[in-house]
Chemist: 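Below you will find the structure I want to go over with you.
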Amino acid sequence: MTQRLKVAWLGGRGYHSSYGGVENAIRELAKESVRIPDIEPWVAGRGKGWWFQRTEQDGVHLLEAPKWLGRLGHALCTLGLLLYTIVRIRPDTLFLFASGPSLLSVIGRLFGAHTVACLRAIDSQRDGWRGLNQKVLELGEYVATHIAHQCTVNSLAMQRYFAARQLDTIYIPNGITPLAEPIPGYLERLGLEPEGYLLYAGRLDPVKRLDVLLQAHRQLPPESRPKLVVAGGKCKSQEYQTKLEQMASDDVLFLGHVGQRELSTLMASCSLFVLPSVLEGMSNSLLTAMGAGRPVLCADVPENADVVASDPRVLFEADNVADLLAQLQAHLDQAERRVEVAKTIKSLSANYSWRQSAAAFCQLAREGRGG
């Protein structure tokens with residue numbers, strides 16, 4: 001029998017973290033790769049012990065960094081995990097997720113591991129990144145496309161972006177994570193009714209454009225305005241968070257970060273899922289809403305348009321409050337429109353599978369056998 005390939009996934013905050021899309025993607029890909037006989041999956045992330053610890057869950061080998069290393073920041077923690085992984089785990093293939101961690105492709109190649117950089121968005125274009133931080137992310141994207149053995153992207157728009165610069169990338173889309181078991185009575189405790197609220201799920205990051213959604217929501221007629229549930233936290237700017245709170249109407253419910261079951265309960269019963277973000281790779285939350293058969297409305301950036309087949313009922317002009325308001329009003333006024341959109345979106349969701357995506361990543365590991 002052929003020796004199993006050790007595949008290590010780095011760049012996220014850990015297997016148990018739900019910080020963002022990187023963490024969710026790594027967890028789902030690693031879980032699916034357990035099913036593949038010739039693959040031994042490892043996931044590295046932050047831990048709570050005094051030294052590096054190895055455990056196992058769902059068939060996935062976990063490597064957790066010591067607590068003190070995590071306190072040094074994400075960049076240094078990822079570097080420490082990479083060095084430990086290379087020396088002690090000796091992986092055949094390294095998957096480095098996101099622009100920053102992709103910088104470490106140089107180290108991966110230096111130590112003879114087949115190194116795959118996995119870009120999830122053009123991070124250097126995010127609002128708020130300026131000066132040195134932006135240059136570091138740009139360098140990470142350069143290393144991903146010039147030094148790593150291979151570079152994957154999770155949207156066709158990103159592949160077109162790099163192709164225009166004569167750079168080859170491999171398109172592997174995200175999959176769809178099924179909703180978790182709903183929590184009985186959760187909506188009632190929040191004062192919500194099924195099909196009676198809008199849902200935003202994501203970090204309170206300027207690039208996510210929650211401010212645009214809040215402006216449009218505030219302009220809906222007060223007598224018919226549904227509640228807007230904001231499920232997301234981890235805002236790095238107190239000034240921006242304060243701005244959001246001041247813009248919100250009385251019908252906005254800020255929940256902060258919520259767990260998987262809470263979010264699944266909210267997703268399953270929302271009347272409309274709204275994604276105003278202007279910078280995405282392939283949005284996990286958008287795919288989840290599609291898979292759950294919910295009507296969606298998202299900014300018309302290419303990454304979103306590709307996923308929803310450019311359906312004009314689902315898109316609004318990015319950063320255009322008036323256009324978003326008009327689309328919201330159309331959906332709220334026409335229940336049959338929401339039903340039709342939900343059916344169309346649900347059918348499109350069949351194109352996205354974590355199992356198929358994991359198989360594609362593991363095929364890259366096979367191709368890289370022997371470095």
Side-chain angles (χ1 to χ4, degrees), residues 1-49 52-65 78 81-82 84-98 101 108 113-118 120 149-150 152 154 170-181 259-261 263-264 281-282 284 287-288 291 349-371:
M1 180 178 177
T2 304
Q3 184 178 2
R4 296 175 75 196
L5 288 168
K6 287 185 179 180
V7 171
W9 315 78
L10 292 94
R13 286 160 175 77
Y15 187 79
H16 300 103
S17 172
S18 56
Y19 178 84
V22 167
E23 288 74 17
N24 294 331
I26 288 177
R27 180 173 56 255
E28 296 303 323
L29 290 168
K31 285 168 61 176
E32 289 295 340
S33 68
V34 171
R35 303 172 183 268
I36 303 175
D38 61 337
I39 299 296
E40 181 182 309
W42 287 77
V43 173
R46 297 182 182 183
K48 299 179 179 179
F52 293 92
Q53 295 181 340
R54 303 188 203 184
T55 59
E56 184 177 328
Q57 184 171 332
D58 304 321
V60 179
H61 298 273
L62 307 182
L63 172 64
E64 297 183 339
T78 303
L81 281 166
L82 175 65
Y84 186 95
T85 299
I86 288 173
V87 173
R88 299 303 300 273
I89 308 300
R90 298 182 179 274
D92 297 284
T93 295
L94 288 167
F95 289 118
L96 300 174
F97 271 61
H114 183 67
T115 305
V116 182
C118 310
R120 315 305 288 174
H149 287 100
Q150 293 164 305
T152 73
N154 66 343
I170 301 163
Y171 168 61
I172 304 179
N174 288 348
I176 293 179
T177 305
L179 296 184
E181 187 71 20
Q260 191 61 39
R261 287 192 67 192
L263 182 57
S264 292
M282 180 178 284
N284 283 319
L287 290 176
T288 299
S349 71
N351 298 322
Y352 305 99
S353 161
W354 284 121
R355 185 167 299 182
Q356 294 176 9
S357 297
F361 274 103
C362 292
Q363 180 58 29
L364 297 183
R366 295 189 193 97
E367 293 171 5
R369 180 183 288 276

Chemist: Could you check whether any side-chain heavy atom of Thr93 comes within less than 4.5 Å of a side-chain heavy atom of Leu5, counting everything from C-beta outward?
Modeler: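 Not touching, per the 4.5 Å side-chain cut-off.
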Chemist: Say you draw a straight line from CG of Leu82 to CD1 of Ile89; how long is it, rounded to the nearest 0.5 Å?
Modeler: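 So the CG of Leu82 and the CD1 of Ile89 are separated by 12.0 Å.
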Chemist: Using the test side-chain hydrogen bond (donor to acceptor under 3.5 Å, both in side chains), find all partners of Gln356 that sit at least two apart in sequence or belong to another chain.
Modeler: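 Gln356 satisfies side-chain hydrogen bond (donor to acceptor under 3.5 Å, both in side chains) with no residue once adjacent residues are dropped.
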Chemist: Using only atom types and a distance under 3.5 Å, with no angle test, would you say the side chain of Glu23 pairs donor to acceptor with the backbone of Arg13?
Modeler: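 Yes; judged by distance alone, with no hydrogens or angles, the pair exists.
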Chemist: Counting distance only, does the side-chain N/O of Ser264 pair as donor-acceptor with the main-chain N or O of Arg261 below 3.5 Å?
Modeler: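 Flag not set: sc Ser264 to bb Arg261 has no pair under 3.5 Å.
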Chemist: How long is the span from the CD atom in Glu32 to the CD1 atom in Ile39, to the nearest 0.5 Å?
Modeler: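 Rounded to the nearest 0.5 Å, the CD-CD1 separation comes to 13.5 Å.
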Chemist: Any side-chain heavy-atom pair from Trp9 and Leu29 closer than 4.5 angstrom?
Modeler: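 In short, these two side chains touch, coming nearer than 4.5 Å.
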Chemist: Per the side-chain contact (heavy atoms from CB on, under 4.5 Å) rule, which among Val7, Ile36, Asp92 passes with Arg366?
Modeler: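 So, applying the side-chain contact (heavy atoms from CB on, under 4.5 Å) to Arg366 and each of Val7, Ile36, Asp92, only Ile36 qualifies.
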Chemist: How close do Glu56 and His61 get, heavy atom to heavy atom, and via which atoms?
Modeler: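 Nearest pair, atom of Glu56 first, then His61: OE1-CE1, 3.7 Å.
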Chemist: Take Leu94 and Ile86 through the side chain to side chain contact (heavy atoms under 4.5 Å, CB included) test and state the conclusion after the steps.
Modeler: CA-CA 9 Å; Leu94 288 167; Ile86 288 173; 4.3 Å; yes
Chemist: Report yes if the side chains of Asn174 and Tyr352 come closer than 4.5 Å at any heavy-atom pair, otherwise no.
Modeler: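 No, every pair of side-chain atoms sits at 4.5 Å or beyond.
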Chemist: Rounded to the nearest 0.5 Å, what separation is found between the CZ atom of Phe97 and the CG atom of Asn154?
Modeler: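 It comes to 8.5 Å.
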Chemist: Return the minimal non-hydrogen interatomic distance between Ala30 and Val60, and the atom names on each side.
Modeler: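 Heavy atoms only, the tightest pair is O-CG2, 3.7 Å.
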Chemist: Given side chains that start at C-beta, do those of Asn284 and Thr177 come closer than 4.5 Å, heavy atoms only?
Modeler: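 No, side chains not in contact.
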Chemist: Hey, what do you get for CD1 (Ile176) to CD (Glu28), rounding to the nearest 0.5 Å?
Modeler: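 Here the rounded value is 11.5 Å.
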Chemist: State, to 0.1 Å, how close Ala44 and Thr85 come at their nearest heavy-atom pair, and which atoms those are.
Modeler: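 Ala44 and Thr85 have their closest heavy atoms at CB-OG1, 4.4 Å.
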Chemist: Are Val116 and Ile170 side-chain neighbours, meaning at least one heavy-atom pair lies under 4.5 Å?
Modeler: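 Result no, sub-4.5 Å side-chain heavy-atom pair not found.
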Chemist: Quick one: list whatever passes side-chain hydrogen bond (donor to acceptor under 3.5 Å, both in side chains) with Gln150, sequence neighbours left out.
Modeler: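 Counting only residues at least two positions away or on another chain, Gln150 forms a side-chain hydrogen bond (donor to acceptor under 3.5 Å, both in side chains) with His114, Glu367.
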Chemist: Only one of Tyr171, Trp354, Phe95 forms a ring pair (Phe, Tyr, Trp, His ring centres under 6.0 Å) with Phe361, so which one is it?
Modeler: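 Answer after filtering Tyr171, Trp354, Phe95: Phe95.
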Chemist: After noting the C-alpha distance and the side-chain angles of His16 and Leu62, does the key distance pass the side chain to side chain contact (heavy atoms under 4.5 Å, CB included) rule?
Modeler: CA-CA 10 Å; His16 300 103; Leu62 307 182; 3.7 Å; yes
Chemist: Where is the tightest heavy-atom contact between Ala98 and Arg120, given as atom of each residue plus distance?
Modeler: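 Closest approach of Ala98 to Arg120: N-CG, 4.2 Å.
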Chemist: Give a yes or no answer on whether the side chain of Arg27 reaches the backbone of Ser17 with a donor-acceptor pair at less than 3.5 Å.
Modeler: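 Flag set: sc Arg27 to bb Ser17 pair under 3.5 Å.
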Chemist: Before you tell me yes or no, could you show the steps for Leu10 and Trp42 under side chain to side chain contact (heavy atoms under 4.5 Å, CB included), namely the whole-Å CA-CA distance, both residues' side-chain angles and the distance that decides it to 0.1 Å?
Modeler: CA-CA 9 Å; Leu10 292 94; Trp42 287 77; over 6 Å; no
Chemist: When rounded to the nearest 0.5 angstrom, what distance separates SG in Cys362 from CG in Asp38?
Modeler: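 Atom-to-atom, Cys362:SG and Asp38:CG are 7.5 Å apart.
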Chemist: Kindly compute the distance separating CD (Gln260) from CG (Asn24), expressed to the nearest 0.5 Å.
Modeler: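 Gln260 CD to Asn24 CG: 6.5 Å, rounded to 0.5 Å.
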Chemist: Less than 4.5 Å apart, side chain to side chain, heavy atoms only: is that true for Val34 and Asp58?
Modeler: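 Sidechains of Asp58 and Val34: no contact.
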Chemist: So which heavy atom on Pro41 is nearest to which on Ser33, and how close?
Modeler: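 So the minimum-distance heavy-atom pair works out to CB-OG, 3.2 Å.
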